[in-house]
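Below you'll find the structure, written out as C-alpha cells, and then a few comments.
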Amino acid sequence: MIGLIDCNNFYVSCERVFQPRLEGLPVGVLSNNDGCVIARSNELKSLGVEMGTPAFELKGLLRQGRIRLLSSNYELYGDMSARVQAVLEEFSAGMEPYSIDEMFVRFDGFEHKQLLTHCRELHHKVRRFTGIPVSVGVAPTRTLAKLANRAAKKVPGYRGVCVLSAGGAETAGLLQRTELGDVWGVGRRLVERLALMDIRTAWDLAQADPKAIRRRFSVTLERTALELRGVPCTEMNDADEPRQRIMTSRSFGRLTDNRDEIHEALRQFGQRGAEKLRAQDSLARAVYVFLKTNRHRQDLPQYSPGAVVELARPTDDSREILHAVGQAFAAIYRPHYRFMKAGVMLIDLIDANRQQMSLLESPQSAAERERSEKLMATLDALNQRMGRGTVKLGMPSPSAAWHLRCANRSPRWTTRWRELPTITAPREARSVKGHPRPCD
DNA sequence: TCTGGGGTCCTAGGACCC
DNA sequence: TCTGGGGTCCTAGGACCC
C-alpha cells in the first residue's frame, strides 16, 4: 500500500508553529517579490481568496486588518519539511519526497485495521514532534492515495486519515463523487476533452476502456485510468534521481532595460544554478538564457527571447557557465525593452562521474581540472557556511532591480543562530520574539 | 504602480540513415 | 507513367504537477 502524507496549508502552518498568535486568523504567504498568494490558511480560503491572487488586489482587506500576509521564508519551510520527513522515516520502510509539502511512503505487510492504527499514530506524532498538521491518504496506487488524501482533508469523519482498498464500496463511492478535474494528472484541458466523451467523474474514467483512452489521449492518461481502478502504473522512486534540468529565474522588483543590471542578475542566476549542479554531482552541456517583458503591460512593446549556448565541454565550473551566460545574453538583449523577468536554465545534464569525452570537446588538462574542482568546492563551502551569496564572482551591485522584495518575512527560526527565537516568560504572559533581517 | 518559481513526461514531426 | 519503407534521434511545444 502507498501512503501520501500532505502537510495542511504548509507554509502557513510553518509560520504558525513559531507565531501561535496567527492561529485562527486568515493568513496568506506570498510568492517571491511579494507578488501573489501561494499559501492560504483555511480562514483565508473561506474569505474567497483564490490561489495565485495578486497581492495588490488584497490591499483593502489588509488595510482593514482583516487578513495577514507574510513574505515567503523558504529556508524555514525547507527545514520544517526535513523534520516532517524524519518523523515519517520511523513509520515506513520507504519514503519518497514528492514536493516540499508532500511525501509518498510505502506500507507493506499490514492488515487494514492495523494500518489504520499505524497511520493514526503517524498523524498524531508528526503534529506532536514538528507542530505541522498533516493529512494521510493510503491506497493501492498513488493516484488513489492522492484521492484518499483529499478525502482525509475534506471529510470531517475521517479525522485526517483515510485508508482505501481497491474495489471496495467506499472507494467506489468516493470515485463517483469526485469530479475529473480533482484527479491527479487531469488538468483543465483534459476535463474539456473528456467531457465530449461524457466522461465527467473519476468513476467514469475508471470505467472507460484504457486502450481507447490511450488511443484518443496518451499513455499518461491511460495510466491514470488504470490507477483509479487500483492497478499500479508508477513505481516508487527510492533513489533520488538527479534533476534533468536546473532552472534559476526570478521576476525583478521593477521593470528594467538596464543592460548591466540584467546581465548581473543573470550572472547571479548562473552561479546559483552551477551550485545546484555541483550539489547533485552533474555536469551541464549547454546553457539556456531567457528574458521576458511584462505581458500584463499591453501598453509596452513585448519581447521575450531565449537562446541556447553549448559549452565547450560538459562542466560544473561557474566561470565557464557564466561565460556562456554572457554570450547568450549578448545574443538576445535589445535595448528599449523593459524586462520583468529573466532566467538561466542548465540543460543537457550528465552524471559527473560518468563523463565521456567526445572528440568535439576541447580538452582540459588534469591540472586545470583539479584547480577548477578545488576552487568551486571552496566557493560552495564558504557559501554554505556563511550564507548564500557570501562569495560571488564579479562585482557586487547593492541597489539592483533584481533584489527581492520581501517586506514581511519571518525570522529563519530554525536555521540561523542570529534569528533563533528568544522566549521570555513574565508572570502575565509569554511571548516569542525573533530578529528579522532584510532579505539576502 | 503591483501578477511565482520551479519541475516532469509525452507526442508530433522533421532530419537523417540504410 | 511509375519514384520505398522502416528505423532512430532530436527538438519544440503541450499538458500537467506543486
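Letters A, B, ... mirror the listed sequences (proteins, then strands); counts begin at 1.
- C/dC18 and B/dT3 have their P atoms separated by 25 Å, given to the nearest Å.
- Classified by interplanar angle (parallel below 30°, tilted 30° to 60°, perpendicular above 60°), the ring pair A/Tyr11/A/Tyr77 is parallel.
- The only option from A/Arg278, A/Arg267, A/Arg272, A/Gln271 that meets the side chain to side chain donor-acceptor pair (under 3.5 Å) definition with A/Ser318 turns out to be A/Arg278.
- Among residues two or more places apart in sequence or in another chain, the side chain to side chain contact (heavy atoms under 4.5 Å, CB included) test is passed with A/Gln302 by A/Thr293, A/Arg295.
- When the side-chain hydrogen bond (donor to acceptor under 3.5 Å, both in side chains) test is applied to A/Asn408, no partner is found at least two apart in sequence or on another chain.
- Listed by residue number, A/His296, A/Arg297 are the residues of residues 288-302 of chain A with a heavy-atom contact under 4.0 Å to DNA chain B.
- Partners of A/Ala212 by side chain to side chain contact (heavy atoms under 4.5 Å, CB included), not counting sequence neighbours, listed by chain and number: A/Asp209, A/Arg215.
- Side chains of A/Asp101 and A/Ser99: a donor-acceptor N/O pair is present below 3.5 angstrom, by distance only.
- With sequence neighbours left out, A/Asn294 forms a side-chain hydrogen bond (donor to acceptor under 3.5 Å, both in side chains) with no residue at all.
- Near DNA chain B, meaning a heavy atom under 4.0 Å from it, residues 51-76 of chain A has A/Pro54, A/Phe56, A/Lys59 in order of number.
- A/Ala284 meets the side chain to side chain contact (heavy atoms under 4.5 Å, CB included) test with A/Leu277, A/Leu311, A/Leu346, A/Leu349; sequence neighbours excluded.
- For the segment residues 185-196 of chain A, residues with any heavy atom less than 4.0 angstrom from an atom of DNA chain C are, sorted by number, A/Gly185, A/Val186, A/Gly187, A/Arg188, A/Arg189, A/Leu190.
- Contact footprint of chain A on DNA chain C: nucleotides with an atom under 4.0 Å from a non-hydrogen protein atom, first to last in 5' to 3' order, C/dA15 to C/dC18.
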Can I get a per-line list of side-chain donor-acceptor pairs under 3.5 Å for residues 331-342 of chain A, giving both atom names and the distance, sequence neighbours left out?
residue, atom, partner, partner atom, Å
A/Tyr333, OH, A/Asp257, O, 2.7
A/Arg334, NH1, A/Ala331, O, 3.4

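- End-to-end axis angle of the helix from B/dG5-C/dC18 to B/dC18-C/dG5, using five pairs per end and rounding to 10°, comes to 10°.
- Nucleic acid contact class of A/Asp34 (heavy atoms, under 4.0 Å, all strands): none.
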Check: residues 83-94 of chain A side-chain donor-acceptor pairs under 3.5 Å, at least two apart:
residue, atom, partner, partner atom, Å
A/Arg83, NE, A/Asp79, OD2, 3.2
A/Arg83, NH2, A/Asp79, OD2, 3.3
A/Gln85, NE2, A/Ser81, OG, 3.3
A/Ser92, OG, A/Gly94, N, 3.0
A/Ser92, OG, A/Gly94, O, 2.8
A/Ser92, OG, A/Arg106, N, 3.3
A/Ser92, OG, A/Arg106, O, 2.9

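- Contacts of A/Arg214 with the nucleic acid, taken as non-hydrogen atoms under 4.0 Å apart, are absent.
- Within 4.0 Å (heavy atoms only), A/Ile246 reaches sugar-phosphate atoms of the nucleic acid but no base atom.
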